Visitor: 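Below is one structure. I have some questions about it.
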Amino acid sequence: MSNQELAKILNEMAAFLDMKEVEFKPRAYEHAAFSVQSLEEGVDEIYKKGGLKALEDIPGVGRGIAERIEEYIKTGRIKDYEKLKKQFPIDIEGLMAIDGVGPKLVKKLYQELKIKNLNELEKAAKAGKLSKIEGLGEKSEQKILRGIEFLRQSHGRFLLGHILPTVRKMLDNLRVLSYVKRAEPAGSIRRMQETVGDLDILVTSDKPSKVMEYFVNMPEAQDVLSSGPTKTSVRLEIGMDADLRVLPPESFGAALQYFTGDKYHNIAVREIAIKKGYKLNEYGLFKGKQLVAGRTEEEIYKKLDMAWMEPEIRTNSGEIEASLKGKLPKLIGYDDLRGDMQVQTDWTDGENSIKEMAEAAKSQGLEYIVITDHTKSLAMAGGSDEKKLERQIKEIDKIQKQISGIKILKGAEVNINKDGTLDINDETLKKLDVVGASVHSNFNMSEQDMTKRIIRAMENPNVDILFHPTGRLIQKREPYKVNIDEIIKTAKRTKTVLEVNAYPERLDLKDEYIRKAVSAGVKLAINSDAHSVAHFKFLEFGIAQARRGWAKKNDVINTRPWQEMLKLLK
DNA sequence: GCCGTTTTCGGCCCGACTGTTTTCAGTCG
């Protein structure tokens, strides 16, 4: 059992209760599900330590849900859930994943047409049966079909690194229009989340209708989904939906605030506003009908006695309390990195030469890079053996003499064998400035064996950094099973640095693990894992990831000059 | 079902847009 599974059940219970038109309970179950999902500890651990009482300490979990969690831990089932499931034997999660389908529609579909899952819904829609139901029509039927298609294509979310360039270009194009005063992204893009569901753009303009007209006709827009005087939605060519909202300047900060924080941050902030006798919406902070703040985010938070929070941490996971107490961390900045400690070249699976990579890094403003080509057991990448590494060391010395303004350090991305030994001997490793170790094979080990394997590698006095510590590929491959708490503990004990790999598909460590590592006092390195000169720009995503994990400049070793950085290694 | 320097009872974030209606329910963020 896992928090993930439990959260899924609680969410489904919320949806079933919505179908039954029960009041308020659905929100309670949703809230509990979210809390469970974002817990750092397993609910079974919490229960073991503190029993029912400890479960009730989880936000949104009271006596009732705590007892159901207890039942789940003890028996692996929740009777109330099974009762609901019996009443509605349907794949409610799958159906509600379709855009425009909510619990009420699911109920109607089940009662009228006995539809229980995506396939049956698709069949009914294609047969024109949906439009015959009262309250639905042709358009709803087509919308559902498009929703199913979209879901199948993309799982509905996009990697930040894949879509950000397009988004920035669109924003630039909006900003140069004479009738657009400001244009800013909000939502998950402004929070720099690892994946993005859709795009929110906020604009101030004295000619809203012209902005809307531009937006629906811009080359990136493929379909117009809805269009009104203040809000327009389009589907972009890249497959993502984009919402544009036009606002008066006196409301711009309020709208930024409203559309940037995730749902849970916003609920918490609005509740604080209510307690102080205000109402907060996207147009401003109001006392009765009087607008008291709205032009900037800062003035709104200030009225609520809160310090302004960086967008990346607005997820109601402690930032509200820290803001109220004036104890927000100063997060690492986007200009704070001086070096990149994982760079591949054409000596193995990289695209470019050592010199080309060094020059590209220099022109991006970096002071140093570490060359970390793969080693021999990664045969597919032409990994180096000891001899090839020795030759590369000499080659780097030669290139360093030809190039100034950037330090090229010698390193390797060494494979961790199945038993935790490395595929390069210690004598050779000692000659390198930086040794990164990583898992590239035997992903399907038990958690216990994998953890032991990685710990053994970290205990090697030559291993400075554990590269992409969990091995996940977002939307493609699950992380291998590993006990992250043990890894963090070992990192602290052995002074091994943990990597925040900035490659858009990896972003590994993920934010919640970064936060754990930071609070354990473990040092991090943010690296691009560049395989070509174009990849140094990925560092931005690694920094965003670190910021979402509440990392400060001081927690990240490659914010320091290279001489100082080296002193922090084993 | 949860929660409390407004409450252990009585509230629960809030507004825009769509589609199918003829005044509004449902969904979304």
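Each chain gets a letter, A, B and so on, in the order the sequences are listed, and its residues count up from 1. Since we're looking at a predicted model, the values are computed, not measured.
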Visitor: Could you say whether the aromatic ring of Phe24(A) and the base of dC2(B) stack, counting only centre distances under 5.5 Å and plane angles under 30°?
Guide: no

Visitor: What is the distance from NZ of Lys25(A) to P of dC3(B), rounded to the nearest Å?
Guide: 15 Å

Visitor: Under the rule for side-chain hydrogen bond (donor to acceptor under 3.5 Å, both in side chains), what residues qualify as partners of Arg68(A), not counting sequence neighbours?
Guide: Tyr29(A), Asp80(A)

Visitor: If a protein heavy atom is under 4.0 Å from the base, mark B; if only from the sugar-phosphate, S; if neither, -; do that for nucleotides 14-23 of chain B going 5' to 3'.
Guide: BSSSSSSS--

Visitor: Rounding to an integer number of Å, can you tell me how far Lys275(A) NZ sits from dG11(B) P?
Guide: 16 Å

Visitor: Quick one: label Asp243(A) by what it contacts on the DNA or RNA (base, sugar-phosphate, nothing), any heavy atom closer than 4.0 Å.
Guide: nothing

Visitor: Across all strands shown, which nucleotide pairs with dC24(B) by Watson-Crick or G-U wobble geometry, both distances under 3.5 Å?
Guide: dG19(B)

Visitor: Can I get a per-line list of side-chain donor-acceptor pairs under 3.5 Å for residues 175-189 of chain A, giving both atom names and the distance, sequence neighbours left out?
Guide:
unit_1	atom_1	unit_2	atom_2	d
Arg175(A)	NE	Ala183(A)	O	2.9
Arg175(A)	NH2	Ala183(A)	O	2.7
Lys181(A)	NZ	Asp206(A)	OD2	3.3

Visitor: For Ile272(A), answer base if it contacts any base atom (sugar-phosphate contacts may also be present), sugar-phosphate if it contacts only those atoms, and nothing otherwise; contact means non-hydrogen atoms under 4.0 Å.
Guide: nothing

Visitor: Over 60° means perpendicular and under 30° means parallel, so tell me whether Tyr503(A) and His535(A) are parallel, tilted or perpendicular.
Guide: perpendicular

Visitor: In terms of ring plane angle, is the pair Phe538(A) and Phe541(A) parallel, tilted or perpendicular, where the classes change at 30° and 60°?
Guide: tilted

Visitor: Distance check, C1' atoms only: dT8(B) and dC14(B), in whole angstrom units.
Guide: 28 Å

Visitor: If you take the centroid of each ring, where Trp contributes its six-membered ring, are Tyr264(A) and Phe34(A) closer together than 6.0 Å?
Guide: yes

Visitor: Cation-pi check for Tyr110(A) against Lys114(A): NZ or CZ below 6.0 Å from the six-membered ring centre and within 45 degrees of the axis, yes or no?
Guide: yes

Visitor: Heavy atoms only, 4.0 Å cut-off, all strands: where does Lys104(A) land among base, sugar-phosphate and nothing?
Guide: sugar-phosphate

Visitor: Roughly, in whole Å, what's the span from CG in Asn266(A) to C1' in dG29(B)?
Guide: 9 Å

Visitor: Under 4.0 Å between a side-chain nitrogen and a carboxylate oxygen: does that hold for Asp223(A) and Arg146(A)?
Guide: no

Visitor: Looking at every strand, decide which applies to Pro26(A) at a 4.0 Å heavy-atom threshold: base, sugar-phosphate, or nothing.
Guide: nothing

Visitor: What is the distance, rounded to the nearest whole Å, between atom CD of Glu23(A) and atom C1' of dC2(B)?
Guide: 15 Å

Visitor: In whole Å, what is the span from the CD atom of Glu271(A) to the P atom of dG11(B)?
Guide: 16 Å

Visitor: Which part of the nucleic acid does Val22(A) contact within heavy-atom distance under 4.0 Å: base, sugar-phosphate only, or nothing?
Guide: nothing

Visitor: Hey, does Val269(A) reach any base, or is it just sugar-phosphate, or nothing, if we go heavy atoms under 4.0 Å?
Guide: nothing

Visitor: Does the distance from a Lys or Arg side-chain N to an Asp or Glu carboxylate O, for Asp485(A) and Lys516(A), drop under 4.0 Å?
Guide: yes

Visitor: Quick one: list whatever passes side-chain hydrogen bond (donor to acceptor under 3.5 Å, both in side chains) with Asn119(A), sequence neighbours left out.
Guide: Arg152(A)

Visitor: Using the salt bridge (charged side-chain N to carboxylate O under 4.0 Å, His left out) rule, collect all pairs that involve residues 84-106 of chain A, keeping only residues at least two apart or in two chains.
Guide: Lys8(A)-Glu93(A), Glu12(A)-Lys85(A)

Visitor: Write down the distance separating the P atoms in dT22(B) and dA16(B), rounded off to the nearest Å.
Guide: 24 Å

Visitor: Please list residues of residues 207-218 of chain A whose heavy atoms come under 4.0 Å from any atom in DNA chain B, ordered by number; otherwise none.
Guide: none

